[in-house]
Amino acid sequence: MNARIGWCALVVLNALVGGAASLDAQQIADRVSAIGAGKAVFHFTSRPGVCGDGDRFMRVGRHSYMGSYSSDTDMMPCVLGPVQVRLTVREGNVERVEAWAGALRTHDGTDLGAVAAPEAARYLMSLAARGSSYVSSKAIMPAVLADSATVWPSLLLIAHDEQTRSGSTRRDAMFWLSRYAAGVVEGHRNTPFDDDDVDSDREDLKSHAVFVLSQLPHGEGVENLLDVARTNHDPHVRSRALFWLGQSNDPRALSLFESILRG
């Protein structure tokens, strides 16, 4: 099959999977709660650039892999396709969130079918905002991967919430906020994936310098990273500074992300 035709076919398939959706966020919540005890599965259209094997791993963007690998088994092809989520429910409350991407696979649980990606993201972000520490942290990533969803305002609320959200959940929110801010800087608003199509020599030198700043002990490099992220003339260098600031847990970084995203 011609590569271009194959890509288009996968994009159309992904769109058709999401096109059958009808449940809104509250309906998803009601159906999940009605299970009482057990598991619920649903799927939705992913952002462009999301692929996986539907079971063990997924890739977002060009280089970011998530999941598990084993040298004893062959790595399956990374297939463009929807995000599939499984929730473990007890007494009507979600206790576990799992997510896969790529070709749809059969996973144990009550199948809620296809749902609209923005509504799925809205529901998942409600889990991130109110669920237990383990649930809230795990709910963020699939919400970010939902096509046409705008989740960064909810991520800002979570990152600011020191009263009810755990440190791990706020760190996850900070990481993705840094990616959304980098997307704005590189001219791709509401896109949390890297644009890594840059000259390798320039990348090695300038990105390494930013990396060195990020590794200074006790946050000593944060001030310089903030300056790079605000003022450097190269959008990619600014993006790399934002990436490392997203892992700093520094409130000044959160303020910067917010100013970029609201700007």
Side-chain angles (χ1 to χ4, degrees), residues 10 12-47 49-60 64-147 149 151 166 168-169 172 176:
L10 287 167
V12 170
L13 175 61
N14 204 15
L16 289 175
V17 168
S22 60
L23 297 180
D24 64 24
Q26 186 57 54
Q27 288 175 311
I28 298 171
D30 291 342
R31 290 189 63 180
V32 169
S33 180
I35 290 173
K39 297 178 180 179
V41 181
F42 60 90
H43 59 273
F44 51 88
T45 306
S46 65
R47 289 179 177 275
V50 176
C51 66
D53 69 346
D55 184 26
R56 291 180 297 146
F57 77 92
M58 67 177 72
R59 189 186 75 213
V60 296
S64 297
Y65 282 86
M66 305 173 188
S68 61
Y69 312 90
S70 172
S71 58
D72 298 328
T73 58
D74 293 332
M75 189 166 179
M76 298 293 289
C78 199
V79 178
L80 295 169
V83 175
Q84 190 171 25
V85 171
R86 181 169 66 182
L87 309 174
T88 300
V89 185
R90 180 177 297 180
E91 297 181 354
N93 297 314
V94 176
E95 293 194 337
R96 186 181 185 189
V97 178
E98 301 168 274
W100 304 273
L104 290 178
R105 293 178 180 263
T106 300
H107 293 285
D108 180 45
T110 300
D111 190 0
L112 305 183
V115 301
E119 297 300 335
R122 189 172 293 113
Y123 169 68
L124 290 165
M125 289 307 299
S126 74
L127 293 179
R130 296 191 292 272
S132 67
S133 174
Y134 183 73
V135 167
S136 62
S137 180
K138 295 296 183 181
I140 289 176
M141 185 190 69
V144 168
L145 301 185
D147 188 43
V151 301
S166 67
S168 63
T169 299
D172 284 348
W176 286 111

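Just so you know, these numbers come straight off a predicted model, no measurement behind them. Keep in mind that the numbers below use all heavy atoms, side chains included, and drop hydrogens, waters and symmetry copies.
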Supply the atom-to-atom distance [X] [atom1] to [Y] [atom2], rounded to the nearest 0.5 angstrom.
{"X": "Ser166", "Y": "Asp172", "atom1": "OG", "atom2": "CG", "value": "8.0 Å"}
{"X": "Arg130", "Y": "Met125", "atom1": "CZ", "atom2": "CE", "value": "10.5 Å"}
{"X": "Arg59", "Y": "Leu80", "atom1": "CZ", "atom2": "CG", "value": "7.5 Å"}
{"X": "Leu87", "Y": "Glu95", "atom1": "CG", "atom2": "CD", "value": "11.5 Å"}
{"X": "Arg86", "Y": "Phe42", "atom1": "CZ", "atom2": "CZ", "value": "12.5 Å"}

Taking [X] as the fixed residue, which of [options] is the one that meets the side chain to side chain contact (heavy atoms under 4.5 Å, CB included) rule?
{"X": "Leu145", "options": "Leu124, Val83, Ile140", "value": "Val83"}
{"X": "Val135", "options": "Asn93, Leu127, Thr88", "value": "Leu127"}
{"X": "Tyr123", "options": "Val85, Val32, Val115", "value": "Val32"}

Provide the closest heavy-atom pair for [X] versus [Y] in the form atom of the first, atom of the second, distance.
{"X": "Val60", "Y": "Met66", "value": "CG2-CE, 3.7 Å"}
{"X": "Ala121", "Y": "Ala149", "value": "CB-CB, 3.5 Å"}
{"X": "Ile35", "Y": "Ala40", "value": "CD1-CB, 3.2 Å"}
{"X": "Ser133", "Y": "Thr169", "value": "O-OG1, 3.6 Å"}
{"X": "Ala101", "Y": "Val50", "value": "CB-CG1, 3.7 Å"}
{"X": "Ala139", "Y": "Ala128", "value": "CB-N, 4.1 Å"}

Item to complete: Return yes when atom CZ of Arg105 has more than 12 non-hydrogen atoms of other residues, nucleotides or ligands closer than 6.0 Å, and no otherwise.
Response: yes
Without swapping roles, check the side chain of [X] against the backbone of [Y] for a donor-acceptor pair under 3.5 Å.
{"X": "Ser136", "Y": "Ala129", "value": "no"}
{"X": "Glu119", "Y": "Ala25", "value": "yes"}
{"X": "Arg96", "Y": "Lys39", "value": "no"}

Practice prompt. If the plane angle is over 60° it's perpendicular, under 30° parallel, otherwise tilted; pick one for Trp100 and His107.
Written response: parallel
